[in-house]
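The next block holds one structure in the form of structure tokens; read it before the comments.
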Amino acid sequence: MDNKVFNTDTDKFEYLMSNLLSGTISENEERSITEMLDADPANKKTYMRMARTRAVSFIPVLEKEKQQHYNKFIATIRGIQTKNTSNLYIRNMVRVAAMLIIAVSTFALTFYSLYKFDSNREVAYTETIVPMGSYTKIILSDGTVAMLNSGSTFKYDENFGKRTRTVTLSGEGYFEVTKDAGRPFIVNIDDIEVKVLGTTFNVRSYHEDSQVEVNLIEGKVYILNKKDADAEGLILTPNEKMIYSKEEGNMITAKAECYKSAQWTVGKLHFENASFEKIVRDLERKFDVKIDIGCDVVKNELFTGVLDLNQPLNVILDYLDVDKKLKKTYQGKSITISKRI
């Protein structure tokens, strides 16, 4: 770029973006594009437009292999082993610069990708925010697949894939991690660090949740409590889950049918001895509504079962109201639930 002359800063920025997206950008050009993004909000809008166009361009390629990949995905969350290798083709097709996230939804869902900068550390990072009422599939540059549930935030910085593969999650995510013994995959969520080499697991911790939960479906994970430097880490094996109490700061493990924890990805919500209030909070995120429960007795009532989230919300609420004791008032995107007199 040193000898190249540009008529406008816009021309220069679009040239740099083309190199970034094609993976041919130099270190000097990386510094230039970082400075330009930080200096002018208009450049950030151009970045968003070009990055999304790039992501969409991969859809025809991914569609050719989508059914095979989807079949493997379904088999995995049901706990069925398979040797389908169709992921390899997809992974090879989506290798781009480590700073760029390629977000393509198998289920035609909405995603938002933001390119942000930490002025103190001068490190760029990519952040994906999943809107309420949606969930999103992401394929990272190393081939790792992540499904992010409604209301989740997922980010990583420009050093992803160099020595380690470190990401941060708030909300809920299902991960199929590409195996790489030399570069561990690390998920930071609240005070917990989940470290893996290649495995399949589901992790959940929304801001309002009282605990962090990690369910291991395949492989092995190492979990560290960052809040307690003296505590030993835990190793999970398949069909074990870890529960971390945010208030008490301790971790416990238990046996579980861990594939059930990830079935939200195919429209099923499993729950065991879950309060009505907890179930309702999941429904709020899924359907992008506000549900007010006007009775503490109803809030604390416990349920065990499975919900089909592909059903209309009113049908789901009627299904939960097995004794027909609830009064439900619908007004736009707000619902009030009270006990019948």
Side-chain angles (χ1 to χ4, degrees), residues 72-82 130 135-138 144-154 165 167-179 184-226 233-246 248-275 278-279 281-283 285-286 302-307 309:
K72 177 184 180 297
F73 174 74
I74 295 299
T76 299
I77 65 173
R78 289 176 178 168
I80 301 172
Q81 299 292 331
T82 177
V130 186
Y135 55 102
T136 295
K137 175 183 174 182
I138 292 172
T144 291
V145 176
M147 293 285 291
L148 306 176
N149 208 348
S150 301
S152 297
T153 301
F154 179 80
R165 297 171 290 166
V167 302
T168 301
L169 173 70
S170 174
E172 183 168 22
Y174 164 85
F175 295 88
E176 291 180 359
V177 179
T178 299
K179 190 172 184 178
F185 191 93
I186 297 172
V187 180
N188 288 305
I189 182 164
D190 291 294
D191 298 319
I192 295 299
E193 177 184 282
V194 182
K195 184 176 181 179
V196 306
L197 296 179
T199 189
T200 302
F201 63 99
N202 193 82
V203 58
R204 171 184 170 125
S205 178
Y206 285 98
H207 177 72
E208 63 271 21
D209 289 345
S210 63
Q211 61 190 31
V212 179
E213 186 171 309
V214 179
N215 282 264
L216 182 61
I217 300 169
E218 291 182 358
K220 185 181 292 185
V221 301
Y222 176 76
I223 303 174
L224 181 66
N225 180 357
K226 296 183 292 183
L234 295 176
I235 296 178
L236 295 185
T237 56
N239 287 323
E240 283 187 330
K241 69 178 180 180
M242 184 284 302
I243 300 173
Y244 169 78
S245 170
K246 295 180 182 179
E248 298 176 3
N250 65 322
M251 299 187 295
I252 61 172
T253 61
K255 290 290 185 180
E257 294 179 286
C258 290
Y259 75 92
K260 291 181 178 179
S261 68
Q263 288 203 322
W264 58 266
T265 59
V266 289
K268 302 290 183 182
L269 177 61
H270 283 265
F271 46 92
E272 184 174 350
N273 290 326
S275 68
K278 182 177 184 299
I279 296 170
R281 297 299 163 248
D282 284 330
L283 295 177
R285 285 188 287 265
K286 166 62 181 176
L302 300 181
F303 292 81
T304 295
V306 58
L307 293 176
L309 298 179

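Not counting sequence neighbours, the partners of E257 by the side-chain hydrogen bond (donor to acceptor under 3.5 Å, both in side chains) test are K260. With sequence neighbours left out, the side chain to side chain contact (heavy atoms under 4.5 Å, CB included) criterion links S261 to N202, N215. Annotation: side chain to side chain contact (heavy atoms under 4.5 Å, CB included) contacts of I243 (sequence neighbours excluded): Q211, E213, K241, I252. Listed by chain and residue number, nothing satisfies the side-chain hydrogen bond (donor to acceptor under 3.5 Å, both in side chains) test with K220 (two or more places apart in sequence, or in another chain). Qualifying side chain to side chain contact (heavy atoms under 4.5 Å, CB included) partners for S245, counting only residues two or more places apart in sequence or in other chains: E247, E248, N250.
Nearest heavy atom pair, residue T237 against residue L216, reads C-CD2, 3.3 Å. Across G249 and N225, no two heavy atoms sit closer than the pair O-ND2, 2.8 Å. Considering all non-hydrogen atoms of both residues, Y135 and L148 come closest at CB-O, 3.0 Å. Annotation for S150 and Y206: closest pair O-OH, 2.7 Å, computed over non-hydrogen atoms. The two atoms that bring F175 and F154 nearest to each other are CE2-CE1, 3.8 Å, heavy atoms only. The two residues P238 and G219 make their nearest non-hydrogen contact at CD-O, 3.2 Å.
Note that CG of D209 is 9.0 Å distant from OG of S170, once rounded to the nearest 0.5 Å. To the nearest 0.5 Å, atom CD of residue Q263 and atom SG of residue C258 are 12.0 Å apart. Interatomic distance, D282 CG to F271 CZ, rounded to the nearest 0.5 Å: 9.5 Å. Residue L224 holds its CG atom at 9.5 Å from CD1 of I186, rounded to the nearest 0.5 Å. Rounded to the nearest 0.5 Å, atoms NZ (K278) and OG (S210) are 9.0 Å apart. Between atom CD of residue E272 and atom CG of residue L302 there is a gap of 11.0 Å, rounded to the nearest 0.5 Å.
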Y174/I217 under side-chain contact (heavy atoms from CB on, under 4.5 Å): CA gap, chis, key distance, verdict: CA-CA 10 Å; Y174 164 85; I217 300 169; 3.8 Å; yes
Stepwise salt bridge (charged side-chain N to carboxylate O under 4.0 Å, His left out) check, E240 with K255: CA-CA 5 Å; E240 283 187 330; K255 290 290 185 180; 3.8 Å; yes
Derivation and outcome, salt bridge (charged side-chain N to carboxylate O under 4.0 Å, His left out), residues E176 and K137: CA-CA 11 Å; E176 291 180 359; K137 175 183 174 182; over 6 Å; no
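Y244 is not listed as a side-chain neighbour of I223, based on a closest heavy-atom distance of 4.5 Å or more. Here the side chains of L236 and F201 are not in contact, with every heavy-atom distance at 4.5 Å or above. Counting only heavy atoms from C-beta outward, the side chains of V167 and F185 approach each other to under 4.5 Å. In this structure the side chain of L307 reaches within 4.5 angstrom of the side chain of I279, judged on heavy atoms. Side-chain contact between T200 and V177 is absent, with no heavy-atom pair separated by less than 4.5 Å. Using a 4.5 Å heavy-atom threshold, the side chains of R204 and V214 count as separate.
Looking at S205, its side chain never comes within 3.5 Å of a backbone N or O of G171 through a donor-acceptor pair.
The salt bridge (Lys or Arg N to Asp or Glu O under 4.0 Å) contacts involving residues 188-201 comprise D190-K246, where partners must be two or more places apart or lie in separate chains.
Applying the side-chain contact (heavy atoms from CB on, under 4.5 Å) test between E172 and each of I189, N149, V203 identifies N149 as the sole match.
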